[in-house]
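Before any comments, here is the structure.
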Amino acid sequence: MTSPYLDVAELLLKLKNCVVLTGAGISAESGIPTFRSKDGLWEKYDPMVYASIEVFRTNPSKYWQIRGDFIRNYDSYEPNAAHGALVELENLGIVRLVITQNIDGLHRKAGSRRVVEIHGSLREIICQRCDRTYLAPNIPGGDPPHCECGGVLKPNTVLFGEQLPTEALEAAIRESSRCRVMLVIGTSSVVYPAAHLPVVAKQHGAKIVEINIERTIPDADFIILDKAASAMTRLIEAIETLQRTSTE
Ligand code: APR
C-alpha cells in the first residue's frame, strides 16, 4: 500500500505545472485564527456586521475592532513550515503560482515570489479620502484610525459585498485553467469565486490534491487529511526520497 505522500510527490515530479490555492487553514499554525473552524472569527463575530463594506461605510470601527490588533502587530506573525514548503516547491520548478484567500501576507514573507492575493492584503492601509497608503504596522492611532487629511483608513482587503480585484481574479482563473495539478490547502471551499478555482482546474484536466484536516472538495483526486505544516513537510520529504532513489 503506497502512502498518499509518495503518490502526490510522484504526481508533482511527473507533471510539475502546479498552482496552489490556500485558505486560512495554512496560517492556523502561525497563530492566526481561521474563520469557520471551532473558535473561528465568524464563530464570535457576525461577518455581515464586522466585515461588510456596507457597515464599514457607516461604522468603520466594527472592522477595525476585529483587525486592528493584527494590523498593529503585523510584523509579529511568522510563516510556518507549510508556507516554507511552497517556497521550496517553487524553487524546484514545481509550483508556478500561489493563489491565496489570506490577507496576512505570510506567503510573501516566507519568500514565495509568484503570489496572487485575491482578497487583498492587510499590509496596505488606504485613506478613503486622499488614497494615501500606509504600510502595516506603521499606521496612525485612533479607532478607527484616520489619515492626516482626516479621511478614514481602510485596509486593502475585500470586504463582504465588495468586488475582488479584477486583475488578481483574472490571473487566478487563467492560471487555474492552465495548471496540471492544483494543491488546495486549508480552505473550507465555501466562499466564491475562490471555491470555483479547483472546478476550473479540474474542468481543464488538472488533478486536484486537497490538504486539510477535513475533506471539503468531494471530487478531489488525492486527499491528505493532516495539518498543513506537517503534511507539507512530509510531502517535501517524499519528493526528496523519490529524487534520491531515481538517481541511485
Ligand atoms: N491545517 C490544514 N487545514 C486546516 C488547519 C490546519 N492546521 N486548521 C484548519 N484547517 C482547515 C479547516 O478544516 C477549514 O476547512 O482550514 C479551513 C478554514 O476554513 P475557513 O475558516 O472557512 O477559511 P477560508 O476557507 O480561508 O475562508 C475563505 O472566507 O471569511 C472569508 O475572506 C474570508 O478569505 C476568507 C474566505
Side-chain angles (χ1 to χ4, degrees), residues 4-5 8 20-56 62-63 65-67 70-71 77-86 98-108 110 115-124 154-165 168-169 172 176 182-199 208-218 220 222-236:
Y5 294 97
V8 174
V20 184
L21 174 65
T22 67
I26 198 171
S27 295
E29 293 154 271
S30 294
I32 301 173
T34 66
F35 298 97
R36 294 172 188 81
S37 313
K38 194 171 66 54
D39 307 328
L41 211 55
W42 303 153
E43 301 301 305
K44 282 181 262 179
Y45 301 100
D46 177 350
M48 291 311 134
V49 175
Y50 288 86
S52 91
I53 189 62
E54 220 176 303
V55 174
F56 188 92
K62 289 284 181 197
Y63 186 69
Q65 203 180 314
I66 63 167
R67 289 302 183 196
F70 184 93
I71 292 168
Y77 292 91
E78 293 300 335
N80 61 59
H83 299 99
L86 293 179
V98 174
I99 302 166
T100 189
Q101 299 168 81
N102 301 344
I103 54 180
D104 56 33
L106 292 184
H107 285 298
R108 290 192 196 287
V115 180
V116 170
E117 296 166 315
I118 53 174
H119 293 162
S121 165
L122 284 169
R123 178 157 166 66
E124 297 98 30
K154 174 184 177 293
N156 185 21
T157 55
V158 178
L159 300 185
F160 286 100
E162 274 191 298
Q163 294 291 324
L164 271 63
L169 182 56
S176 296
M182 179 173 273
L183 287 183
V184 183
I185 309 175
T187 181
S188 57
S189 308
V190 295
V191 173
Y192 288 78
H196 188 59
L197 297 172
V199 177
I208 308 297
V209 178
E210 175 158 37
I211 297 174
N212 193 316
I213 54 176
E214 62 174 358
R215 187 170 191 145
T216 73
I217 302 177
F222 298 85
I223 177 89
I224 294 178
L225 285 176
D226 194 358
K227 290 188 171 186
S230 49
M232 293 306 294
T233 303
R234 291 185 66 184
L235 190 52
I236 294 288

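The model shown is predicted, which means the values in this text are computed figures rather than measured ones. As the structure lists them, so they are numbered: ligands from 1, and atoms in each ligand from 1. Heavy-atom basis, side chains included; hydrogens, waters and symmetry copies ignored.
By the ring-ring contact (aromatic ring centres under 6.0 Å, His included) test, Tyr50 pairs with Tyr45, sequence neighbours left out. Residues that satisfy the side chain to side chain contact (heavy atoms under 4.5 Å, CB included) test with Arg123, not counting sequence neighbours, are Tyr74, Ser121, Leu135. Here Thr22 pairs with Thr100, His107 under the side-chain hydrogen bond (donor to acceptor under 3.5 Å, both in side chains) rule; sequence neighbours left out.
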### Task
Kindly determine whether Leu197 and Ile99 satisfy side-chain contact (heavy atoms from CB on, under 4.5 Å), including the steps that lead there.
CA-CA 10 Å; Leu197 297 172; Ile99 302 166; 4.0 Å; yes
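Between the side chains of Thr157 and Tyr63, a donor-acceptor pair is found at a separation under 3.5 Å.
Closest of all the heavy-atom pairs between Ala228 and Glu29 is N-OE1, 3.3 Å.
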Give one line per pair: atom of ligand 1, protein atom, distance. Only N/O to N/O under 3.5 Å.
residue: ligand 1; atom: 1 (N); partner: Ala228; partner atom: N; Å: 2.9
residue: ligand 1; atom: 7 (N); partner: Glu29; partner atom: OE1; Å: 2.9
residue: ligand 1; atom: 13 (O); partner: Asn212; partner atom: OD1; Å: 2.9
residue: ligand 1; atom: 13 (O); partner: Glu214; partner atom: OE2; Å: 3.1
residue: ligand 1; atom: 15 (O); partner: Asn212; partner atom: ND2; Å: 3.0
residue: ligand 1; atom: 15 (O); partner: Glu214; partner atom: OE2; Å: 2.6
residue: ligand 1; atom: 16 (O); partner: Gly186; partner atom: O; Å: 3.3
residue: ligand 1; atom: 19 (O); partner: Ser188; partner atom: N; Å: 3.4
residue: ligand 1; atom: 21 (O); partner: Phe35; partner atom: N; Å: 2.7
residue: ligand 1; atom: 21 (O); partner: Arg36; partner atom: N; Å: 2.8
residue: ligand 1; atom: 22 (O); partner: Arg36; partner atom: NH1; Å: 2.7
residue: ligand 1; atom: 22 (O); partner: Ser188; partner atom: OG; Å: 2.6
residue: ligand 1; atom: 25 (O); partner: Thr187; partner atom: OG1; Å: 2.7
residue: ligand 1; atom: 25 (O); partner: Ser188; partner atom: N; Å: 2.9
residue: ligand 1; atom: 25 (O); partner: Ser188; partner atom: OG; Å: 3.2
residue: ligand 1; atom: 26 (O); partner: Ala24; partner atom: N; Å: 2.8
residue: ligand 1; atom: 27 (O); partner: Arg36; partner atom: NH1; Å: 3.0
residue: ligand 1; atom: 29 (O); partner: Arg36; partner atom: NH1; Å: 3.1
residue: ligand 1; atom: 29 (O); partner: Arg36; partner atom: NH2; Å: 3.1
residue: ligand 1; atom: 30 (O); partner: Arg36; partner atom: NH2; Å: 3.1
residue: ligand 1; atom: 30 (O); partner: Trp42; partner atom: NE1; Å: 2.7
residue: ligand 1; atom: 34 (O); partner: Gln101; partner atom: O; Å: 3.3
residue: ligand 1; atom: 34 (O); partner: His119; partner atom: ND1; Å: 2.9

